[in-house]
Structures are given as C-alpha cells and as structure tokens.
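The structure appears below as structure tokens.
In this text the structure is predicted, and so the values were computed from the model without any measurement. Along the sequence shown, residues carry numbers from 1.
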Amino acid sequence: MLVLKDIQTHYGRLEVLRKISLEGKEGEIVAVLGANGAGKTTLLKTISGLIKPTSGQIEFLGRRIDGLAPKNVVELGICHVPEGRGMFPYMTVLDNLELGAVRRRDKAGIKKDLEQVYELFPPLRTRAKQLAGSLSGGEQQMVTIGRGLMSRPKLCLLDEPSLGLAPIMVKEVSIIIKSINEQGVTVLLVEQNAKMALAIAHKGYVLETGRVVLDGPSGDLLRNQEVKKAYLGM
C-alpha cells in the first residue's frame, strides 16, 4: 500500500531524513520508533505532503505521491493526525469533526461516518456542542483522531497519539488504534512508547538521526536487545 524508497528530506541545508525506505502493506499497523530528533515527525509530514522530499519516491496504492499538495494526498485516502493534537480549541467538538470531511460532498456518508466516530469515542457524542479546548487531554486526542477518520482514509498517519496522556488513557488509545485497524484502515504509528506500539503493531522500524537502523516483525523487535535497552528500559 505505502512504499518509501530512499527518501531524503531537508530543512534548508540540514538533512533530516537520510535515504529512508519502508513499506506498509494493506491492513497492517506499522510502528516507527525513535528518540526525539530521530526524524519521525518529519517522516509523516513528508508522506502527507507538508514537506517536499529532496529525493526518493513515495508510492501509495501504486501511485507516486511525492510532490503532491497535502489536499491531494488527503483525497487519495491518507489522513495525518499530528503530534500535540492540533485541534481548534474555540470550535465545538462537532465542528472539529466535520472539518475532517470538508472536501467530501456525500452528506449521507458523512453522517454515517460521524456516527461511527461517536461509536468509537462515546464521550464525544455527549460533548458534541462543547468547545474542544475544554476537554481533557484524552478527549482532545479522540477529537483529533476522529477528525482524521472523517476523511474516510485508507491509511492513517498517527504522530505520538499517547504523548502526555495518563497510563490508563495510553491503554485506551492502543485499543482505539487496534479498532481503527480492524475496520480496514492501515496505520503508520509514530511513537516513543515503544512497548505500546510494538504490542499492537505487525512490524516496526527504528529511526536514529534520520536513518532506519532496525526493522522487522514487532515480536522480533520486542526481543531485540538494542530495542530493549534503548526503548523499553530493560
């Protein structure tokens, strides 16, 4: 479904991604692990078109998408849920969710998908008219993920969805990601919480200073001594 081949990305003269290649097959959860500054967020921004790669290729469903504008990437079926939630705090929960469907014209489908978001995140139904900024951190993360799902994606890019959440909410987020995947959405999950990510992912990639240094099935990475030492505190 998603194939990156030798992607390089720069901020000015600073090289951030260094010939990264990775693949996500349809129906998978793919975890991308790494410390702060490893290039994880830049990777997602490059895929979604927010940053243009300097070189390399990005293919989605057999079509090259590197160089496309973000709106065109969304129309092809990719949603990007950014780090730090990135919602609109002075708009209602409902308005935030409906923004995810702004480029759609199928009113019946939008209504159906909104109902599915409420089923996935029951607290949002009762808070639909509430200002999004007044919600708890976990509920705000629900809004942000729900907004992404309103675009009806085939691939969801999730950037640090557990960041800053209490442990009980981290577990809830992992359950939500699995539920999204079970509904047929492929997930590329960027996380510093390696234990959570690898517990639900099919495979993973480890980034260090813009390079892929390890990759493989999630079970193998969980048993890898380097991963245990660097990311699992073992």
Side-chain angles (χ1 to χ4, degrees), residues 24 28-44 79-89 93 96-97 100 116-128 130-149 153 156-183 185-208 214-234:
E28 286 186 327
I29 298 176
V30 180
V32 178
L33 312 176
N36 283 332
K40 305 186 302 298
T41 292
T42 300
L43 174 65
L44 295 193
C79 80
H80 184 174
V81 179
E83 179 184 4
R85 301 174 195 125
M87 30 141 251
F88 297 90
V93 168
N96 270 272
L97 294 175
Q116 289 181 341
V117 168
Y118 286 151
E119 290 178 4
L120 187 62
F121 305 111
L124 300 188
R125 187 190 299 275
T126 57
R127 291 164 172 75
Q130 191 171 327
L131 292 182
S134 66
L135 303 182
S136 68
E139 290 167 341
Q140 289 181 13
Q141 189 62 272
M142 293 178 188
V143 173
T144 310
I145 296 173
R147 183 182 62 197
L149 295 178
C156 187
L157 312 177
L158 292 174
D159 194 354
E160 301 280 11
S162 74
L163 185 66
L165 299 182
I168 190 169
M169 277 307 304
V170 171
K171 184 176 181 180
E172 182 70 22
V173 165
S174 71
I175 293 171
I176 288 166
I177 294 170
K178 288 180 67 175
S179 297
I180 291 169
N181 180 244
E182 288 167 359
Q183 292 174 9
V185 179
T186 303
V187 177
L188 185 61
L189 171 64
V190 158
E191 261 295 343
Q192 286 192 48
N193 188 332
K195 187 174 183 180
M196 182 275 276
L198 292 176
I200 62 175
H202 298 90
K203 65 184 179 186
Y205 293 83
V206 179
L207 300 190
E208 286 184 7
L214 285 172
D215 68 271
S218 57
D220 291 352
L221 292 179
L222 276 169
R223 292 187 291 271
N224 184 284
Q225 294 303 314
E226 293 180 47
V227 174
K228 284 184 177 181
K229 183 178 180 180
Y231 302 104
L232 302 180
M234 299 171 66

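By the side chain to side chain contact (heavy atoms under 4.5 Å, CB included) test, M169 pairs with M142, L165, E172, sequence neighbours left out. Residues satisfying the side chain to side chain contact (heavy atoms under 4.5 Å, CB included) test with A128, not counting sequence neighbours, are L94, Y118. For T144, the side chain to side chain donor-acceptor pair (under 3.5 Å) test picks out no residue, with sequence neighbours left out. Applying the side chain to side chain contact (heavy atoms under 4.5 Å, CB included) rule to S162 yields the partners V170, E191, N193, M196; only residues at least two apart in sequence or on another chain are considered. By the side chain to side chain contact (heavy atoms under 4.5 Å, CB included) test, S136 pairs with E139, sequence neighbours left out.
Inter-residue side-chain proximity for P161 and V81 is flagged as unmet; no heavy-atom pair is nearer than 4.5 Å. Looking at heavy atoms from C-beta onward, I145 lies in side-chain contact with I180 at the 4.5 angstrom threshold.
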Criterion side-chain contact (heavy atoms from CB on, under 4.5 Å) on V117 and R147, from CA distance to verdict: CA-CA 9 Å; V117 168; R147 183 182 62 197; over 6 Å; no
Run L198 and L33 through side-chain contact (heavy atoms from CB on, under 4.5 Å) and show every step you take. CA-CA 9 Å; L198 292 176; L33 312 176; 3.8 Å; yes
Residues L120, L149; criterion side-chain contact (heavy atoms from CB on, under 4.5 Å); working and verdict: CA-CA 11 Å; L120 187 62; L149 295 178; 3.7 Å; yes
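One distance of note links CG of L124 with CD of Q140; it measures 11.0 Å at 0.5 Å rounding. One finds the CG atom of L188 at 8.5 Å from the CG atom of L158 (value rounded to the nearest 0.5 Å). Rounding to the nearest 0.5 Å gives a distance of 5.0 Å between CD of E160 and NZ of K40. Atom CG of L189 and atom CG of L44 lie 9.0 Å apart (nearest 0.5 Å). Taking CG of N181 as the reference point, atom CD1 of I176 lies at 13.5 Å (rounded to 0.5 Å).
Nearest approach of T126 to P123, heavy atoms of both residues: OG1-O, 3.0 Å. For L221 against D215, the heavy-atom pair with the smallest separation is CD2-C, 4.3 Å. When all heavy atoms of P89 and L131 are compared, the closest pair comes out as O-CB, 3.7 Å. Considering every non-hydrogen atom in both P153 and C79, the closest pair reads CG-SG, 3.8 Å.
No more than 12 heavy atoms of other residues, nucleotides or ligands lie within 6.0 Å of CD1 in I168, so this atom counts as exposed by the packing criterion.
Of the possible donor and acceptor atoms, none in the side chain of D159 sits under 3.5 Å from a partner among the backbone N and O of V190.
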Give every donor-acceptor pair under 3.5 Å between a side-chain atom in residues 199-207 and any protein atom, sequence neighbours left out.
residue : atom : partner : partner atom : Å
H202    : ND1  : I29     : N            : 2.8
K203    : NZ   : E23     : O            : 2.8
K203    : NZ   : E28     : OE1          : 3.4
Y205    : OH   : E23     : N            : 3.0
Y205    : OH   : E23     : O            : 3.4

